[in-house]
Amino acid sequence: MNWRLLPFQAASAAMNMAIDEAILESIAEGKSPPTIRFYAWRPSAVSIGVFQEAAKEVRLDVCRAKGVDVVRRITGGGAVYHDADGEITYSILAPESMFPKGITESYHLICGWIVDGLAKVGIEGQFHPINDVIAGDKKISGNAQTRRKKVLLQHGTILYDLDVDTMFDVLDVGPIKIKDKVITNVKQRVTSVRDLAPGVSKDEVLDAMRWAFLAEKRWSKAPLSDDERIVAERLARQKYGSKDWLMRR
Amino acid sequence: MMSRIERKIPGGKLVRLDVGVVDGVVRSVVMTGDFFLHPEDALKDIEDGFVGATTASLAQVARSLEMSLESEGVRCLGFSIADLESMIGEALP
């Protein structure tokens, strides 16, 4: 089957999540091909997992003051700070029949492409169940998957540069008095491309990821269809940009 | 009485349960956290599945729920029904 690679795009948090769901719906209806997209978040954003309690995970007042978007994903997993310049995000959407039936096995497969991409820029990574890629013993990529209407969606991030201070301004890590301890702990557990391969540019990482994700696939570059764009704009406005969706738990 | 029980499951994810108990019977369960559940809609079945449980019936309720979820092909990642059983047990007298 021919894969579609979407052009790299930076968008708001609501629009980024809406694009994923619009593509998922379109693939479910047999109208769109399996799709890979790499994208950025502009402005910077926090995304939370579908089962998380927004007010417990995010300092919503700080996000508002800093102009940081906040959005609830349709996938599980934890709260993530998406720095506009500090990470590469991907989504892969395809009929689930194209992937192993087991959730862990399909994480392993897709995270394997991230491992291949990292190797291309000189970083040795490995899949770390349930849903991470680690380099050394530190996390460099977090991933989340859902399957709906027989379509698999997996999205995730590859950390290029880590802004721990902003991360913990916008994420609620508990009482201020333990914040320093948590930051130290995160610095010990999380790493980035810039930490491990300081000379490698973000564009080089993006090229490496494109190469790894598309290896041995037939593919062509194409934009969203008009229908996908219309559905995405509606979902961004009515669902992902709404307070009801964000605060539903 | 409402109890909030929070647990980082060893080798798994963070689970928070808000459990409402009246006269020794579970009346409500709200589950939040960074876990995964496939399909996600099964969350309500899990939350509702524990309603009505007492200390005496909790283990049986959990086993029934486990079997029901298994027969529907529901997959939990980062927690198990046994973990929830143990957490809800803390909220019961």
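Everything numeric here is computed off the predicted structure, so don't read it as measured data. Throughout, protein chains are lettered first and strands after them, A, B, ... in sequence-line order, and every chain is numbered starting at 1. Note that these values count all heavy atoms, side chains included, but never hydrogens, waters or copies made by symmetry.
For the pair B:Asp34 and A:Phe51, the minimum side-chain heavy-atom distance is 4.5 Å or more. Between B:Leu77 and A:Tyr107, the closest side-chain pair of non-hydrogen atoms falls below 4.5 Å. Counting heavy atoms from C-beta on, the side chains of A:Asn131 and B:Lys13 come closer than 4.5 Å.
Annotation: the span from B:Phe36 atom CZ to A:Thr75 atom OG1 amounts to 6.5 Å, rounded to 0.5 Å. In this structure, NZ in A:Lys56 is found 6.0 Å from CD in B:Glu6, a value given to the nearest 0.5 Å.
Only the side chain of A:Ile130 has a heavy atom closer than 4.5 Å to any heavy atom of chain B. No part of A:Ala79 comes within reach of chain B, as not one of its non-hydrogen atoms sits under 4.5 angstrom from that chain. Proximity to chain B is absent for every atom of A:Ile48, based on heavy atoms less than 4.5 angstrom apart.
Checked by atom type and distance alone, the side chain of A:Arg249 never pairs as donor or acceptor with a backbone atom of B:Gly33 at under 3.5 Å.
Of all the listed residues (A:Ala144, A:Gly76, A:Pro129, A:Gly49), the one sharing the greatest number of non-hydrogen pairs under 4.5 Å with chain B is A:Gly76. For the set A:Gln52, A:Gln145, A:Glu57, the entry with the most heavy-atom pairs within less than 4.5 Å of chain B is A:Gln52.
Other residues, nucleotides and ligands contribute at most 12 non-hydrogen atoms within 6.0 Å of the CD atom of B:Glu70. The environment of CG in A:Asp61 is crowded: more than 12 heavy-atom neighbours from other residues, nucleotides or ligands sit within 6.0 Å. Within a 6.0 Å radius of CD in A:Glu124, other residues, nucleotides and ligands contribute 12 heavy atoms or fewer. Within a 6.0 Å sphere centred on NZ of B:Lys8, heavy atoms belonging to other residues, nucleotides or ligands number more than 12.
Using a 4.0 Å cut-off between a side-chain N of Lys or Arg and a carboxylate O of Asp or Glu, A:Arg147 and B:Glu40 do not qualify as a salt bridge.
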